[in-house]
Chemist: 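One structure, as structure tokens, below. Some questions next.
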Amino acid sequence: MNTQIGTLQSMQVGTPHHYGTAGAKNVLQRPYETSFVRTPDTQPRWLYITHLEGNEQADRKHHGKPDQAVLLYAAAHYPLWQAELGQQEIGPGGFGENFTIAGMSEATACIGDVYALGNARIQVAGPRFPCTKIEKRWCTAGLTRRVAATGRTGWYCSVLQEGLIEPHMEITLVERPYPRWTVALINDFTHAHNANVELARELAACPFLHNFWRERVVRGAEEARDKQNAKAAR
């Protein structure tokens with residue numbers, strides 16, 4: 001296959017730091033620890049099987065698993081967030097991603113996709129499930145819910161082959177075993193935006209899909225269906 005489908009616009013790393021102010025009235029401004037705040041880095045870095053060189057996780061219970069080695073985010077989402085939130089400073093790395101990608105999005109990334117970046121090979125594992133760190137980072141209540149509603153979640157990849165990574169590298173599609181199952185579709189089911197339960201069950205049967213998502217896509221589709229039925233019955 002080996003078709004260029006995107007470009008690594010920028011690369012970010014972060015390490016755990018403490019943020020916030022003790023006693024702050026706004027709960028989003030109270031102390032917390034995170035490595036979510038990641039800033040662009042122009043230097044080449046080694047992509048290990050487990051992580052990008054220089055990047056560390058603060059919450060190892062929910063992050064840092066092999067299928068969460070690197071987080072990708074669509075560059076095209078940032079102008080939308082800037083306009084909607086009125087915060088022009090939101091840019092690459094603003095949603096905690098390691099790779100900000102031009103030319104790709106949740107709608108074009110499929111579960112099981114294998115991408116080449118130089119000698120490195122990464123594989124799409126699933127969407128990022130939005131957490132409250134997004135709201136804390138930008139001190140915006142309800143932002144986590146808006147990320148889920150818009151589907152601008154970003155997506156995780158595992159690392160199949162290590163290699164040196166640097167900004168502006170071409171991203172080449174090497175393999176696409178499941179072209180039907182986009183990250184966007186998984187998000188739609190998970191967050192109850194699609195009521196097609198039959199299709200959700202087909203997706204859940206995909207052997208590459210993690211159990212975490214299998215349960216959620218079907219449950220979300222059933223929830224969306226029940227809401228539709230309840231509305232029709234009024």
Chemist: Between Y115 and I171, what is the shortest heavy-atom contact and its length?
Modeler: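 So the minimum-distance heavy-atom pair works out to CB-CG2, 3.8 Å.
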Chemist: Does E84 come within less than 4.0 Å of R146, counting only side-chain N to carboxylate O?
Modeler: yes
Chemist: Does N55 use its side chain to pair, donor to acceptor, with the backbone of G14 at less than 3.5 Å?
Modeler: yes
Chemist: Hydrophobic cluster membership, with links at side-chain heavy-atom distances under 4.5 Å among I/L/V/M/F/W/Y: are L80 and V147 in one?
Modeler: no
Chemist: Search all heavy atoms of A204 against all heavy atoms of R214 and return the closest pair with its distance.
Modeler: O-NE, 2.8 Å
Chemist: Linking I/L/V/M/F/W/Y whenever any side-chain heavy atoms sit under 4.5 Å apart, do I5 and L117 land together?
Modeler: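 Yes, same cluster.
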Chemist: Does NZ or CZ of R216 fall inside the cone over F212's six-membered ring, less than 6.0 Å from its centre and within 45° of the axis?
Modeler: yes
Chemist: What's the shortest heavy-atom distance between M104 and A74, and which atoms?
Modeler: O-CB, 3.2 Å
Chemist: Testing R225, R219, K227 for side chain to side chain donor-acceptor pair (under 3.5 Å) with E223, which one passes?
Modeler: K227
Chemist: I'd like to check the ring pair (Phe, Tyr, Trp, His ring centres under 6.0 Å) partners of F208; sequence neighbours left out, ordered by chain and number.
Modeler: none
Chemist: Describe, in one word, how the ring planes of H191 and F129 are oriented to each other, choosing from parallel (under 30°), tilted (30 to 60°) and perpendicular (over 60°).
Modeler: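 Geometry flag for F129 against H191: tilted rings.
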Chemist: Linking I/L/V/M/F/W/Y whenever any side-chain heavy atoms sit under 4.5 Å apart, do Y73 and I122 land together?
Modeler: no
Chemist: Less than 3.5 Å apart, any donor N or O on the side chain of Q87 or T140 sitting next to an acceptor on the other?
Modeler: yes
Chemist: Any side-chain heavy atom of I165 within less than 4.5 Å of one from F99?
Modeler: yes
Chemist: Side chains of I186 and I111, heavy atoms from C-beta outward: is any pair under 4.5 Å?
Modeler: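 The answer is yes; the side chains approach within 4.5 Å.
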Chemist: Between R121 (side chain) and G118 (backbone), is there a donor-acceptor pair under 3.5 Å?
Modeler: yes
Chemist: Please check this pair: side chain of E106 against backbone of G154, looking for a donor-acceptor N/O pair closer than 3.5 Å.
Modeler: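 Looks like yes, one N/O pair under 3.5 Å.
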Chemist: Specify the closest pair of heavy atoms between E89 and W138, including all atoms of both residues, with the distance to one decimal.
Modeler: CG-CZ3, 3.6 Å
Chemist: Among T153, L185, V217, V218, which residue meets the side-chain contact (heavy atoms from CB on, under 4.5 Å) test with T190?
Modeler: V217
Chemist: Taking the six-membered ring of W155 (Phe, Tyr or Trp), confirm whether the NZ or CZ of R128 is under 6.0 Å from its centre and within 45° of its axis.
Modeler: no
Chemist: Does L209 share a hydrophobic cluster with V114, counting links as ILVMFWY side-chain heavy atoms below 4.5 Å and allowing steps through other members?
Modeler: no
Chemist: Give the minimum heavy-atom separation between T132 and T144, together with the two atoms involved.
Modeler: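 Residues T132 and T144, closest heavy atoms: CA-OG1, 3.5 Å.
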Chemist: Give me the atom names and distance for the closest heavy-atom approach of L71 to F95.
Modeler: CD2-O, 4.0 Å
Chemist: Out of curiosity, does I101 fall in the hydrophobic cluster containing L52 (side-chain heavy atoms, cut-off under 4.5 Å, transitive links)?
Modeler: yes
Chemist: For N26 and C139: C-alpha separation, side-chain torsions, deciding distance, then whether side chain to side chain contact (heavy atoms under 4.5 Å, CB included) applies.
Modeler: CA-CA 9 Å; N26 187 335; C139 198; 3.7 Å; yes
Chemist: Mind checking what makes salt bridge (charged side-chain N to carboxylate O under 4.0 Å, His left out) contact with E135, not counting sequence neighbours?
Modeler: none
Chemist: Is the NZ or CZ atom of K133 positioned over F36's six-membered ring, under 6.0 angstrom from the centre and within 45° of the axis?
Modeler: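 No; the conditions do not both hold, so K133 does not lie above the ring face of F36.
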Chemist: Check whether any side-chain N or O of R38 sits under 3.5 Å from a backbone N or O of Q12 as a donor-acceptor pair, and report yes or no.
Modeler: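 It does not hold such a pair.
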Chemist: Tell me if a side-chain donor or acceptor on Q228 pairs with a main-chain N or O of A224 at a distance below 3.5 Å.
Modeler: no
Chemist: Give the ring-plane orientation class for H17 versus Y19, where under 30° counts as parallel, over 60° as perpendicular and anything between as tilted.
Modeler: tilted
